[in-house]
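Written below as structure tokens is the structure these notes are about.
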Amino acid sequence: MGAQLRVYKRRIKSVTATKKITKAMEMIAASRIIKAQRQVAASTPYATELTRAVSAVAQGSDSKHALTTEADHPTRAAVLLITSDRGLAGGYSSNAIKAAEQLTRRLEGEGKEVDTYVVGRKGVSYYGFRKRAVAGSWTGFSDSPTYAHAKMAAEPLIEAITAEQGTSGSVDELHIVYTEFVSMMTQTPVDRRMLPLTLDGAGESGAAAESVSVSKGDEPKPTAKDGKILPLYDFEPSSEDVLDALLPRYVESRIYNALLQAAASEHAARRRAMKSATDNAEELIKSLTRLANAARQADITQEISEIVGGASALADASAGSDR
């Protein structure tokens, strides 16, 4: 029994140490969520308004551009997947990877080849373990991204979408897969098409839907979802130059907002996972403590029985010698 009691005490000590670690990680994740939420709130209006501006400019131009022009026969698409660099976040990364795999299968079902770009060590490890090539990968900043990181990831995507169709490395569509932060308890993996931009419903980018209304004898006028006529633009030096200047800003802002959404989701998922681990550790400690108490009680009972038995034997021996 003594050996069993020592085993229980060792396990209680080990689980208690683990509980301290998970509790600390839970508190760290909880403190980082607030900062991540503020960054998301600060970046979302910019991304939304930039998308509205790009939509309005594109509608006021009759030139073909990678921002808005659908390829006649799209054959290649790029998918940017955002995962985490570290684990201990429940199913955060695996859910994002599943969403990317579903999107890839859908695009391949449409007859398109898919170039995959990955942010985060978990996604890189997933494709590396399966010996599947990725067109680009970035690691080391999933929990605290900056705009510089977004520009770094956007650069090869912009080069791919602006390359001449049919050339090596060119793509016809850009998609992004990330985890959207809904609340502290809800984070949803989503896939969005970044380019070409859908002008008759910019809901993918968070902007109000827009369309073009035509009156008899008038030029087409861009209108917002609420029916208000949007401003008409004169382009200097040309509409193509303006769209060329807006393209990288649009892609970078969308990627930056997605990185911030993913970072907030990662912290929330990690906090929830660590809280669950801490609660499980507490339950295990209670269970082991009960078992240790039972083992100690059994030891005490056995010792008392041995003492009583020894005293009884001595009494019987003394009685026999007196006779």
Side-chain angles (χ1 to χ4, degrees), residues 29-30 32-52 54-55 77-107 116-123 126 138-139 141-147 149-150 153-154 157 173-195 197-198 201-209 225 250-275:
R32 290 178 176 176
I33 291 174
I34 305 302
K35 179 181 177 181
Q37 283 181 294
R38 290 173 181 170
Q39 290 179 319
V40 170
S43 70
T44 299
Y46 174 78
T48 300
E49 291 306 316
L50 180 59
T51 301
R52 287 179 58 88
V54 170
S55 300
V79 175
L80 175 63
L81 167 63
I82 300 177
T83 63
S84 66
D85 287 315
R86 299 184 293 126
L88 302 178
Y92 165 76
S93 291
S94 61
N95 290 337
I97 291 172
K98 288 179 183 176
E101 291 288 78
Q102 291 175 357
L103 173 61
T104 299
R105 287 194 294 269
R106 177 166 62 81
L107 293 174
T116 303
Y117 297 79
V118 184
V119 172
R121 291 190 179 92
K122 290 298 179 180
Y126 175 86
W138 302 269
T139 60
F141 56 84
S142 70
D143 59 348
S144 56
T146 64
Y147 196 81
H149 296 134
L157 295 173
E173 298 176 1
L174 291 184
H175 298 259
I176 186 169
V177 179
Y178 64 98
T179 305
E180 186 177 41
F181 182 85
V182 180
S183 68
M184 294 287 286
M185 298 302 297
T186 306
Q187 300 85 44
T188 308
V190 294
D191 65 84
R192 299 280 188 263
R193 192 179 81 166
M194 286 191 291
L195 293 175
L197 184 64
T198 304
E204 292 184 15
S205 53
K225 188 178 181 180
Y250 167 74
V251 176
E252 290 165 7
S253 67
R254 290 292 306 277
I255 293 178
Y256 182 51
N257 184 257
L259 287 173
L260 293 177
Q261 293 266 5
S265 299
E266 179 183 346
H267 293 313
R270 183 168 290 113
R271 186 202 66 83
R272 190 169 61 251
M274 291 300 98
K275 185 180 186 307

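For clarity, every value in this text was computed on a predicted model and none was experimentally measured. Numbers for residues simply follow the sequence, beginning at 1.
When atom types are taken as modelled, the side chain of Ser144 and the backbone of Phe141 share no donor-acceptor pair closer than 3.5 angstrom. A donor-acceptor contact shorter than 3.5 Å is absent between the side chain of Tyr256 and the backbone of Pro145. With hydrogens and angles disregarded, no donor-acceptor distance shorter than 3.5 Å links the side chain of Thr186 to the backbone of Ser183.
A salt bridge does not link Arg270 to Asp143: none of the charged side-chain nitrogens sits closer than 4.0 Å to a carboxylate oxygen.
Across all non-hydrogen atoms, the minimal contact from Tyr46 to Ser253 is CE2-CB, 3.8 Å. Nearest heavy-atom pair, Met185 versus Gln187, reported as atom, atom and distance to 0.1 Å: C-NE2, 3.7 Å. The shortest non-hydrogen separation linking Leu195 to Tyr250 is CD2-CE2, 3.6 Å. Here the closest heavy-atom approach between residue Leu260 and residue Ser43 is recorded as CD1-OG, 3.3 Å. Ser94 and Gly91 make their closest contact through OG-O, 3.1 Å (heavy atoms, listed as atom of the first residue, atom of the second, distance). Taking both residues in full, the closest heavy atoms of Gly123 and Ile97 are given as CA-CD1, 4.2 Å, listed atom of the first, atom of the second, then distance.
For the atom pair CZ (Arg192) and CG (Leu80), the distance works out to 14.0 Å, reported to the nearest 0.5 Å. Atom OG1 of residue Thr48 and atom CG of residue Asn257 lie 7.0 Å apart, to the nearest 0.5 angstrom. Here Asp191 contributes atom CG and Arg106 contributes atom CZ; the two are 5.5 Å apart, rounded to the nearest 0.5 Å. For the atom pair Ile176 CD1 and Leu103 CG, the distance stands at 11.5 Å (nearest 0.5 Å). Within the model, atoms OG1 of Thr104 and CG of Leu81 stand 8.5 Å from one another, a figure rounded to the nearest 0.5 Å. Considering OG of Ser142 and NE2 of His267, their distance stands at 8.0 Å, rounded to 0.5 Å.
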Check your understanding: Do Asp85 and Thr139 pass the side chain to side chain donor-acceptor pair (under 3.5 Å) test, and can you show the C-alpha distance, the side-chain angles, and the key distance before you say yes or no?
Key -> CA-CA 6 Å; Asp85 287 315; Thr139 60; 4.9 Å; no
Check your understanding: Between Val190 and Gln261, is a side chain to side chain contact (heavy atoms under 4.5 Å, CB included) present by the stated rule, with each step listed?
Key -> CA-CA 11 Å; Val190 294; Gln261 293 266 5; over 6 Å; no
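Within a 6.0 Å sphere centred on CZ of Arg38, other residues, nucleotides and ligands contribute 12 heavy atoms or fewer.
When each of Lys122, Glu266, Lys98 is tested with Ser93 by the rule side-chain contact (heavy atoms from CB on, under 4.5 Å), just one qualifies, namely Lys122.
By the 4.5 Å heavy-atom criterion applied to side chains, Phe181 and Val40 are not counted as neighbours. The shortest distance between side-chain heavy atoms of Arg254 and Val251 does not fall below 4.5 Å. Side-chain atoms of Tyr178 and Val119, non-hydrogen and from C-beta on, never get closer than 4.5 Å to each other. Ile255 has its side chain within reach of Met194: a pair of non-hydrogen atoms, C-beta onward, lies under 4.5 Å apart. Arg32 has its side chain out of reach of Arg271: every pair of non-hydrogen atoms, C-beta onward, lies at least 4.5 Å apart. Annotation: side chain of Asn95 is not in contact with side chain of Thr179 (no heavy-atom distance under 4.5 Å).
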